[in-house]
Amino acid sequence: MPRTGWSASASSTGGGDVPANMLDGVAGSRWSTGTPMAAGQSVTVDTGAVRPLARITMDSGGSANDYARGYQVFLSSDGTSWGSAVATGSGTGALVTVAFPARSARYVKVVQTGTSTSWWSITEFNAYG
């Protein structure tokens with residue numbers, strides 16, 4: 001879906017690797033933690049309006065080892081009430097695709113549950129209905 005009006009935030013950011021880079025459509029930019037992966041790191045994407053969501057992708061692109069080693073995905077309509085995770089899993093490569101039962105939401109939060117000496121990076125984040 002088009003990402004016009006979307007915004008992103010993160011629990012930490014490495015230098016110029018700001019969260020907005022996940023949504024800019026530029027393969028050469030990224031968001032990263034700037035530190036090794038650790039449980040509890042998170043990214044939150046505001047899609048701008050409540051809409052049906054059923055899948056997300058997190059692509060670490062050229063930083064192929066920076067994929068989420070473990071994750072939980074949460075959805076929210078108001079950015080405050082998150083409830084239980086709609087999906088949990090572990091990444092195995094640069095493109096992590098997470099499918100879950102369709103639900104109306106505005107916000108998507110991904111919480112890192114794994115660890116690695118690599119940073120956690122996302123070149124492009126997408127959501128699908």
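Looking only at distances, no side-chain donor or acceptor of Thr13 sits under 3.5 Å from a matching main-chain atom of Val18. No donor-acceptor pair under 3.5 Å is formed between the side chain of Ser116 and the backbone N or O of Met37. The backbone N or O of Val110 lies less than 3.5 Å from no partner atom in the side chain of Gln72, so there is not a single donor-acceptor pair.
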- Message: If you apply the rule side chain to side chain contact (heavy atoms under 4.5 Å, CB included), what do you find for Phe74 with Thr44, and how did you get there?
- Response: CA-CA 9 Å; Phe74 297 87; Thr44 303; over 6 Å; no
- Could you go step by step and tell me if Val26 and Asn21 meet the side chain to side chain contact (heavy atoms under 4.5 Å, CB included) rule? CA-CA 8 Å; Val26 177; Asn21 291 351; over 6 Å; no
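Rounding to the nearest 0.5 Å gives a distance of 12.0 Å between OG1 of Thr47 and CG of Asn126. Note that CE of Met22 and OG1 of Thr123 are 10.5 Å apart. Values are rounded to the nearest 0.5 Å. Separation of atoms CG (Asp59) and CZ (Phe125) is listed at 12.0 Å; rounding is to 0.5 Å.
Residues Arg3 and Val45 fail the side-chain proximity criterion, which asks for heavy atoms closer than 4.5 Å. Using a 4.5 Å cut-off on side-chain heavy atoms (C-beta onward), Thr80 and Tyr107 make no contact. Looking at Pro36 and Thr115, their side chains never come closer than 4.5 Å, going by heavy atoms from C-beta outward. The side-chain heavy atoms of Leu95 and Thr57, taken from C-beta on, include a pair separated by under 4.5 Å. By the 4.5 Å heavy-atom criterion applied to side chains, Trp6 and Met1 are counted as neighbours. Using a 4.5 Å heavy-atom cutoff, the side chains of Trp82 and Val111 are not in contact. Arg103 has its side chain out of reach of Leu53: every pair of non-hydrogen atoms, C-beta onward, lies at least 4.5 Å apart. Counting heavy atoms from C-beta on, the side chains of Asp24 and Glu124 come closer than 4.5 Å.
Comment: Asp78 does not engage Arg106 in a salt bridge, judged by the lack of any side-chain N to carboxylate O separation of less than 4.0 angstrom.
The shortest heavy-atom contact between Ser104 and Ser77 is O-OG, 3.7 Å. Nearest heavy-atom pair across Ala87 and Ala99 is CB-O, 4.2 Å. Between Arg69 and Gly114, the closest heavy-atom pair is CB-CA, 4.1 Å. In terms of heavy-atom proximity, Ser76 sits nearest to Ala105 at O-CB, 3.6 Å. Shown here for Ala68 and Gln112, the closest heavy-atom pair between the two residues is CA-NE2, 3.7 Å. A pairwise comparison of heavy atoms in Tyr71 and Ser90 identifies CE2-N, 3.5 Å as the closest pair.
Residue Asp17 forms a side chain to side chain donor-acceptor pair (under 3.5 Å) with just one option from Ser63, Ser32, Ser121, and that option is Ser32.
Hydrophobic clustering of Ile, Leu, Val, Met, Phe, Trp and Tyr side chains at less than 4.5 Å, counting indirect connections, unites Val96 with Trp31. Following chains of ILVMFWY side-chain contacts shorter than 4.5 Å, one cannot reach Met58 starting from Trp119, and the two form parts of different hydrophobic clusters. Under the 4.5 Å side-chain contact rule for hydrophobic residues, Val98 and Leu23 share a cluster.
Ser118 and Asn65 share no side-chain donor-acceptor pair at under 3.5 Å. Side-chain contact of Asp66 with Ser60: a donor-acceptor pair under 3.5 Å is absent, judged by distance alone.
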